[in-house]
Every structure is written in C-alpha cells, then in structure tokens.
Novice: 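Here you go, one structure.
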Amino acid sequence: MGVLLMVRVRFAPSPTGELHIGGARTALFNYLFARANGGVFILRIDDTDQERSRPEYAAALLEALKWLGLEWDEGPYYQSERLSEYNREAARLLEEGKAYHCYCSPEEIQEQREAARKAGKLFRYPGTCRDLSKDEMRAYEAEGRSPVIRLRVPESGNTVVDDIIRGRVTFANDTLDDYIIVKSNGLPTYNFASVVDDHLLGITHVIRAEEHLSNTPRQLLCATALGYRPPRYAHVPMILAPDRSKLSKRHGATSVEEFCSQGYLPEALVNYMALLGWSPGEEEILTLEEMAKIFSLDRIGKNAAIYDTVKLTWMNGHYLMQADPAYLSKTAYPFFEAEGLLKGPLNESQWDYLRTVIETVRERVKTLAELPEACRYFYEDDFDYDPKGVQKIFTKDDTALLLRQAAARLAQLDRFDYASTERAYHDLSAALEISAVKLIQPSRLALTGRTGGPELFAIMAVLGKEKTLQRLEKAAAYIEAAL
RNA sequence: GGCCCCUUCGUCUAAUCGGUGAGGACACCAGCCUUUCAAGCUGGCAGCAGGGGUUCAAAUCCCCUAGGGGUCACCA
C-alpha cells in the first residue's frame with residue numbers, strides 16, 4: 001500500500017506585470033485543488049529575471065490574489081532569496097558530470113542560430129563545450145568569459161510526460177538540447193529553479209497553463225538528473241482572447257486589477273474564471289467554498305477557452321443583486337468618489353443613505369462602475385430632463401397642472417414612504433378619473449430627469465418629501481416656461 | 001518550419017464502458033408580468049470542422065485532411 005502524501009500545490013507567478021486572468025485562473029485551480037483535497041496552497045514568486053522583475057509587481061500580485069479571496073497557506077517564497085539552494089544543486093550536477101560549464105557567448109550562439117535559420121534548419125546547441133578540458137576552461141576564464149551551466153541531455157530516447165489532463169505525451173530527446181540551467185550572472189533559469197523548488201517545497205502536483213507543456217520534458221530530465229521524484233503534472237487549457245490569439249493588453253481588460261477598477265466583484269470574476277475550462281456539473285453559480293467542495297481535475301477540459309466578458313458581466317449583475325448591502329456600499333464607494341458624488345469620510349447617515357440608494361437601483365446595473373450614474377439624481381438636484389422624455393411626456397397640455405395637483409396631495413402627507421405616496425397617487429388618479437400612469441410618468445421625469453429607473457414611489461421614499469415637492473414644482477414651472 | 005496540444009450551438013460547456021429527440025448557461029428573438037427601465041417567468045433560434053474507416057450501432061474508437069493554439073531565449 002502506497003503512502004498517501006499530503007497534496008501540496010503552488011502558484012508561481014513571475015512579478016513582471018499585473019496578474020492577468022490566465023494566471024489568476026491558474027491560481028484559482030491550484031487553490032481549489034488544494035482545498036478539495038485537504039492540501040496546502042503555496043505561493044512562490046519566481047523572480048529570477050533581474051531585468052523584468054519588480055517588487056511593486058510582486059506586491060500587486062499578492063494584493064490581487066487577496067482581493068480574489070485566494071488566500072495561500074504557505075509563502076510567499078521568493079526565488080531571489082533562495083539562490084544558495086540552486087547553487088548547491090547546480091554544483092552537485094556539475095560534480096556528477098550531469099551538467100557542465102559552457103563558455104559560448106550569447107553572440108556566438110546567436111550567430112549559430114542565425115546561420116541555422118538561414119539554412120532552414122532547426123537550431124540546437126551543438127555541444128561545443130560539452131567536454132572541455134581544465135586547460136581549455138582556464139583559457140576561457142583568462143579571456144574574461146563567465147560561463148553558463150548547461151544540463152547534459154540524453155541524445156536519444158524519449159521523455160514522456162504523464163499529464164493528468166492530457167494523458168501520456170511523448171517527446172523525443174533529440175528534439176531537445178543541452179539547455180541552460182544557470183545564467184552567466186549566476187542566477188538560475190526557470191527550468192531549473194522551478195524544478196529545484198518544486199522538490200524542496202514538496203510539491204505533489206504542478207497545475208499550470210498549457211504553454212508550459214513543452215517545457216515539461218526538460219524539467220523532467222532535470223529532476224531525474226537531480227535524483228528527484230517529480231511531481232504529477234496537469235496542464236490546463238489556455239484562455240484566449242476573442243480573436244483566438246493569446247491574451248494581451250490590446251484586448252482590453254485582461255488583468256485582475258482592471259476588472260476590479262471596472263467595477264467587477266471578486267465573487268463574479270472567480271466564478272466566471274472557474275467556468276473557463278472547468279465544469280462543475282449542474283449549478284454554475286458557485287462561491288469559492290462551494291467550488292472547493294466539488295472541484296476535481298478530471299472535470300477540466302482539454303480545449304482552449306475564449307473569454308467573453310458578456311457572461312462575466314451578466315454574472316456580475318447577479319452577484320450585485322445578491323450582495324450584502326453593507327458590503328456593497330463599501331465596495332461601491334470609491335466609484336462614487338471618483339464621480340464626484342461623494343467625498344469621504346462619510347458619517348453614519350451618509351452611509352445609510354448610500355446603502356438605500358444602491359438598494360433601489362442595484363438590479364438595474366451590471367457593474368459597480370455604472371452605479372454612480374444610475375444614482376446621480378439622488379445626490380444632485382440640477383439635472384437636465386431627457387429630451388425624448390420631455391417631448392413624449394411633458395408636452396401633454398395638462399401635465400404641469402397634474403404635477404402641481406400631485407404635489408399638493410403629497411404635501412398633506414405626514415408619513416412619506418412607499419405605501420403612503422402610492423396611495424396618494426392612486427387616490428388622485430381615481431379622483432381625476434385618469435390612469436395612474438398619466439401621473440407616474442411625468443413625475444418620474446420630474447424627479448429624475450429620466451424615463452426609466454426604479455419604481456416611482458421607491459424614488460420618492462428615498463428623496464423625501466421636501467425634495468420631491470421641490471422637483472415636482474420645478475418641473476411644472478419648466479413645462480409652463482417651455483410652452 | 002520542427003515538435004507538442006486541441007476541434008460539440010455566436011461564446012462557456014454537458015453527454016461515466018460507443019445506443020441521447022445531442023442537455024445546460026450567457027447572448028439573441030418572442031410572449032407573460034408590469035408604473036417606466038430593469039429583474040423575474042415561459043417559450044424559441046442555434047452545434048458534433050470535413051472526409052474515410054471499424055461496428056448491428058460513432059459526437060464518442062482508428063486514419064487522413066483542414067483549422068486553431070502552444071513552444072522552440074543567458075523570459076518565466
């Protein structure tokens with residue numbers, strides 16, 4: 001009976017930019033897999049690229065992950081702080097003759113690459129430095145060359161990747177070459193650091209995007225050379241842009257940060273991303289916790305998914321309607337501030353008002369970013385009347401009079417809530433022997449400047465008696481002046 | 001180009017060992033509801049990339065073609 005190892009997975013982004021939805025989904029799948037199996041979700045920052053790695057990006061990565069609710073159990077480990085581990089393992093490889101110093105300069109390699117390309121041939125490192133003598137090495141050193149370290153890769157045979165999602169994928173070793181595991185600046189390359197760390201961190205399953213599938217035989221070979229027992233691999237399908245190409249900046253919002261600033265809720269993004277490539281079975285609307293209960297790798301498909309924000313937006317609208325009002329107002333506040341509708345800090349009654357306002361419009365809106373505009377007339381008294389509405393609704397001869405009569409009725413009210421204002425309108429329409437719509441439509445236009453929106457009496461209840469009466473009167477005057 | 005992966009409605013996907021009227025969600029269309037706009041409810045439209053096999057039976061297995069994607073760095 002085999003020993004069941006505790007599942008340990010990692011998300012290992014490189015801090016060279018914002019977290020895009022491809023990476024975020026990889027993180028999500030790792031998180032879900034760990035949770036579903038009672039395992040550990042580890043965060044590792046692969047920052048061995050000195051040129052492109054930036055601490056700010058790393059910090060932003062952590063923020064984005066937290067925002068999504070993908071809390072990690074261990075880490076973050078920074079590869080830049082673990083160089084001694086890689087050096088030690090590289091030295092071992094060198095000593096055992098499984099790797100060697102290569103003094104070819106980037107320029108020389110580049111030349112050979114060019115020549116191969118011109119000849120229409122595939123370039124593979126020719127093994128120039130495979131068997132250098134001590135003297136040759138000393139000579140190169142004397143020239144001031146600093147070597148890279150290459151892994152000795154077998155020239156024949158196959159390496160097979162037994163992938164959980166793709167099945168057995170076979171690569172011929174002669175299509176690989178002695179690749180670089182340590183750069184001339186002493187830093188490890190991805191295909192080395194990753195192998196060493198996955199082993200040292202006890203990673204049992206590597207779940208990552210399919211773009212890494214062709215790297216896997218190299219990593220397997222490296223692991224073998226180091227005497228490691230390699231983890232299981234699961235290469236999840238890519239997420240493509242609507243034009244079927246790889247996601248990039250020009251495709252609009254692709255980073256978690258952007259979705260956040262466009263007013264998407266993390267619950268919606270997470271739910272939507274999970275559905276890209278993974279199928280839960282019956283119910284699609286699921287919280288992180290619910291997903292964690294039923295997640296399994298065998299329900300991940302093989303084909304790349306094209307992401308389309310329409311469904312995400314629908315889903316966001318759904319979560320907006322379900323959201324707890326206090327939470328919603330808190331997360332929506334920055335959007336109100338940006339629109340100049342609110343300025344902090346808010347006192348208790350301002351928060352209450354914001355909550356009520358959002359409550360009345362939330363089901364008409366799909367993102368937080370649309371909220372301020374939908375709520376504008378609750379905060380500003382000066383607005384224009386929608387021209388089409390004016391033409392259709394304000395042009396009936398008796399409209400001004402109707403608005404004044406309505407205002408007079410409302411003025412008598414002691415309580416000013418949904419029920420009382422509604423009763424007042426129905427009484428008036430009965431007395432006048434007209435349909436309530438004749439009263440309601442011009443009133444909405446008077447109160448909001450718009451022809452659509454929440455139920456009239458809900459608007460009145462939020463606005464309160466004073467503002468309601470003022471706006472009704474103002475509209476009546478406007479109509480008279482225009483005629 | 002070499003190597004590798006993939007191919008079910010417009011999009012995301014389901015269909016455990018071959019037997020289904022090929023199911024769901026979003027979008028779209030229609031109707032209902034209604035105080036407008038939404039929301040909600042009901043119904044509708046729409047797909048197995050193409051061609052060969054194997055089989056009583058193929059979306060499902062095999063082969064070929066086409067198309068898409070990934071990768072071929074001292075980036076990860």
Side-chain angles (χ1 to χ4, degrees), chain A residues 12-16 46-49 51-53 79 102 104-106 109-110 113 117 120-124 146-150 161 163 165-167 169-172 174-177 179-191 193-194 208-217 235 237-238 240 242 244-246 272 275-285 298-299 301-315 317-318 321 361-366 374 389 393 422 425 435-441 443-445 448 450-458:
Chain A
S14 62
T16 55
D46 284 6
D47 56 351
T48 54
D49 183 345
E51 313 264 286
R52 300 193 305 156
S53 293
Q79 288 194 322
C102 167
C104 299
S105 69
I109 297 289
Q110 188 53 35
R113 209 191 305 280
R117 197 183 54 79
K121 282 203 277 200
L122 184 72
F123 174 76
R124 292 175 62 243
S146 42
V148 300
I149 300 175
R150 288 182 185 272
V161 179
D163 192 277
I165 293 171
R166 319 256 145 208
V169 184
T170 304
F171 297 85
D174 62 15
T175 61
L176 277 16
D177 63 0
Y179 71 94
I180 296 173
I181 57 174
V182 178
K183 308 175 223 174
S184 57
N185 64 7
L187 292 177
T189 61
Y190 164 73
N191 278 322
S194 188
R208 58 176 20 165
E210 197 196 330
E211 59 186 318
H212 292 291
L213 183 56
S214 46
N215 274 324
T216 311
H235 287 92
M238 310 264 305
L240 267 25
R244 296 200 143 272
S245 70
K246 210 174 167 180
Y272 176 73
L275 263 22
L276 254 28
W278 175 68
S279 169
E282 349 73 40
E283 184 56 50
E284 284 194 335
I285 301 288
D298 53 9
R299 290 201 70 88
K302 295 180 174 183
N303 44 325
I306 296 172
Y307 100 102
D308 164 28
T309 52
V310 176
K311 186 163 179 174
L312 167 62
T313 303
W314 165 80
M315 204 170 258
H318 174 85
M321 281 190 283
V361 305
R362 74 197 311 194
E363 72 177 31
R364 267 150 268 264
V365 127
K366 294 264 189 279
I393 297 165
E422 182 182 36
Y425 265 55
S435 83
V437 189
K438 285 236 172 12
L439 250 30
I440 288 169
Q441 284 188 326
S443 298
R444 176 180 289 102
L445 189 55
T448 70
R450 308 172 190 191
T451 55
E455 293 176 295
L456 179 67
F457 309 113

Novice: Nearest whole Å is fine: how far is B:U13 P from A:D308 CG?
Specialist: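 These atoms are roughly 11 Å apart.
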Novice: For B:A46 and B:A25, measure between their C1' atoms and round to the nearest Å.
Specialist: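 Looking at atom C1' only, B:A46 and B:A25 are 14 Å apart.
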Novice: Within the structure shown, what part of the strands sits under 4.0 Å from A:L456 by heavy-atom distance: base, sugar-phosphate, or nothing?
Specialist: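 If one applies the 4.0 Å heavy-atom cut-off, A:L456 turns out to touch a base.
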Novice: To the nearest 0.5 Å, tell me how far A:N191 CG sits from A:I181 CD1.
Specialist: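 If I round to the nearest 0.5 Å, the distance is 10.5 Å.
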Novice: Could you tell me whether the side chain of A:P454 reaches within less than 4.5 Å of the side chain of A:R364, counting heavy atoms only?
Specialist: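 They are in contact (side-chain heavy atoms under 4.5 Å apart), so the answer is yes.
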Novice: Given the P atoms of B:C33 and B:U16, what is the spacing between them in whole Å?
Specialist: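 B:C33 and B:U16 have their P atoms separated by 42 Å.
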Novice: Write down the distance between CG (A:L275) and P (B:A14), rounded to a whole number of angstrom.
Specialist: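 Distance check: A:L275 CG to B:A14 P gives 10 Å.
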Novice: Side chain of A:F171 only, please: which of B:U36, B:C3, B:A27 is the nearest?
Specialist: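 Of B:U36, B:C3, B:A27, B:C3 is nearest to the side chain of A:F171.
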Novice: Side chains of A:Q79 and A:D46: donor-acceptor distance under 3.5 Å anywhere?
Specialist: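 Present: a donor and an acceptor within the cut-off.
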Novice: Whole-Å distance between B:U13 P and A:E283 CD?
Specialist: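 It works out to 17 Å between those atoms.
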Novice: Does a side chain donor of either A:Y425 or A:S443 reach within less than 3.5 Å of an acceptor in the other side chain?
Specialist: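 Yes, side-chain donor-acceptor contact under 3.5 Å.
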Novice: Mind checking the P distance from B:G1 to B:A58? Whole angstroms is fine.
Specialist: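 It works out to 35 Å between them.
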Novice: Taking B:U54 as the reference, what is the distance to B:G10 when you measure between their C1' atoms (whole Å, please)?
Specialist: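 Roughly 35 Å separates the two C1' atoms.
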Novice: Tell me the partner of B:A73, counting only Watson-Crick (N1-N3 plus N6-O4 or O6-N4) or G-U wobble (N1-O2 and O6-N3) with both under 3.5 Å; none if nothing fits.
Specialist: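 Base partner found: none.
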Novice: Pick base, sugar-phosphate or nothing for A:R208, based on heavy-atom distances below 4.0 Å to the nucleic acid.
Specialist: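 Result for A:R208 = nothing.
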Novice: Tell me what A:T170 touches on the nucleic acid: a base, only sugar-phosphate, or nothing, going by heavy atoms under 4.0 Å.
Specialist: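 The residue A:T170 makes sugar-phosphate contact but no base contact.
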Novice: What's the OH-P distance between A:Y272 and B:A27, to the nearest Å?
Specialist: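 Value for this atom pair: 12 Å.
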Novice: I'd like the C1' distance from B:G23 over to B:U8, given in whole Å.
Specialist: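 Those two atoms are separated by 11 Å.
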Novice: Over how many whole Å does the gap from A:K438 atom NZ to B:U36 atom P extend?
Specialist: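 Taking atom P of B:U36 as the reference, NZ of A:K438 is at 13 Å.
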Novice: My understanding is that a pair needs two contacts under 3.5 Å, Watson-Crick or G-U wobble. By that rule, which nucleotide pairs with B:G21?
Specialist: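 Answer to the pairing question: none, since B:G21 forms no Watson-Crick or G-U pair.
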Novice: Looking at A:K311, does any N or O in its side chain come under 4.0 Å of the phosphate oxygens OP1/OP2 on B:C12?
Specialist: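 No, A:K311 has no side-chain N/O under 4.0 Å of OP1/OP2 on B:C12.
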Novice: Remember a base hit wins even if backbone is also touched, and classify A:A305 as base, sugar-phosphate or nothing at under 4.0 Å, heavy atoms.
Specialist: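 Sugar-phosphate, no base atom in range.
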Novice: Measuring only the P atom in each nucleotide, how far is B:U65 from B:C9? A whole number of Å is fine.
Specialist: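 It works out to 23 Å between them.
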Novice: With a non-hydrogen cut-off below 4.0 angstrom, is A:G301 in contact with a base, only sugar-phosphate, or nothing?
Specialist: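 Here A:G301 touches no strand at all.
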Novice: Kindly indicate whether the side chain of A:E282 and the base of B:G24 share any N or O donor-acceptor pair separated by less than 3.5 Å?
Specialist: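 Flag unset: no donor-acceptor pair detected.
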Novice: Measure from the ring center of A:H318 to the ring center of A:Y272 and say whether it is less than 6.0 Å.
Specialist: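 Not under 6.0 Å, so no.
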Novice: How many whole angstroms separate atom CD1 of A:I440 from atom C1' of B:C37?
Specialist: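 For the pair A:I440 CD1 and B:C37 C1', the rounded distance is 14 Å.
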Novice: Going by purine N1 to pyrimidine N3 plus the second Watson-Crick contact, or the G-U wobble pair, all under 3.5 Å, which nucleotide sits opposite B:U8?
Specialist: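 With both distances under 3.5 Å required, B:U8 matches none.
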Novice: Each nucleotide in nucleotides 69-76 of chain B should get exactly one letter: B, S or -. Can you fill that in based on protein heavy atoms under 4.0 Å?
Specialist: SSS-SBBB
Novice: Let's test this: given Watson-Crick or G-U wobble pairing with both distances under 3.5 Å, identify the partner of B:C29.
Specialist: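 Check on B:C29: paired to B:G43, both distances under 3.5 Å.
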Novice: Using the C1' atoms only, state how far B:C3 lies from B:G21, rounded to an integer number of Å.
Specialist: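 Result for the C1' pair: 44 Å, nearest Å.
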Novice: Grab the CD1-C1' distance between A:I165 and B:C5 for me, whole Å please.
Specialist: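 Nearest whole value for this atom pair: 12 Å.
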Novice: Quickly work out the A:R362 CZ to B:A38 P distance and round it to whole Å.
Specialist: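 It works out to 19 Å between those atoms.
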Novice: Want to settle it: does A:Q441 or A:W278 sit nearer the 5' end of RNA chain B, counting the closest nucleotide to each?
Specialist: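 The residue closer to the strand's 5' end, by nearest nucleotide, is A:W278.
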Novice: Closer to the 5' end of RNA chain B via nearest nucleotide, is it A:G120 or A:V169?
Specialist: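 This one resolves to A:G120.
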Novice: I'd like to know if A:K246 pairs up with A:E211 as an ion pair, taking the criterion as any Lys NZ or Arg NE/NH1/NH2 lying under 4.0 Å from an Asp or Glu carboxylate oxygen.
Specialist: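 Salt bridge: yes.
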Novice: Would you say that A:T189 contacts A:K183 through its side chain, given a criterion of any heavy-atom pair below 4.5 Å between the two side chains?
Specialist: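 Contact flag for A:T189/A:K183 side chains = yes.
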Novice: Write down the partner of B:U54 under the Watson-Crick or G-U wobble criteria, each distance required to be under 3.5 Å.
Specialist: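 When the pairing criteria are applied, nothing turns out to pair with B:U54, so the answer is none.
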Novice: What's the closest nucleotide to the A:R299 side chain, out of B:A15, B:A39, B:U13?
Specialist: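 Shortest atom-to-atom distance from the side chain points to B:A15.
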Novice: I'd like to know if the side chain of A:S194 pairs up with that of A:R208 as donor and acceptor (distance under 3.5 Å, no hydrogens or angles considered).
Specialist: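 Note: A:S194 and A:R208 side chains miss the donor-acceptor criterion.
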Novice: A:R444 and A:R450: which non-hydrogen atoms are nearest, and at how many Å?
Specialist: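 Nearest heavy atoms, A:R444 then A:R450: CG-O, 3.6 Å.
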Novice: What is the nucleic acid contact for A:P237, judged by heavy atoms within less than 4.0 Å: base, sugar-phosphate only, or nothing?
Specialist: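 Here A:P237 touches no strand at all.
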Novice: Does a side-chain heavy-atom distance below 4.5 Å link A:P237 with A:N303?
Specialist: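 No. Closest side-chain heavy atoms not under 4.5 Å.
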Novice: Determine the Euclidean distance between corresponding C1' atoms of B:A22 and B:A14; express it in Å to zero decimal places.
Specialist: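 Their C1' atoms lie roughly 10 Å apart.
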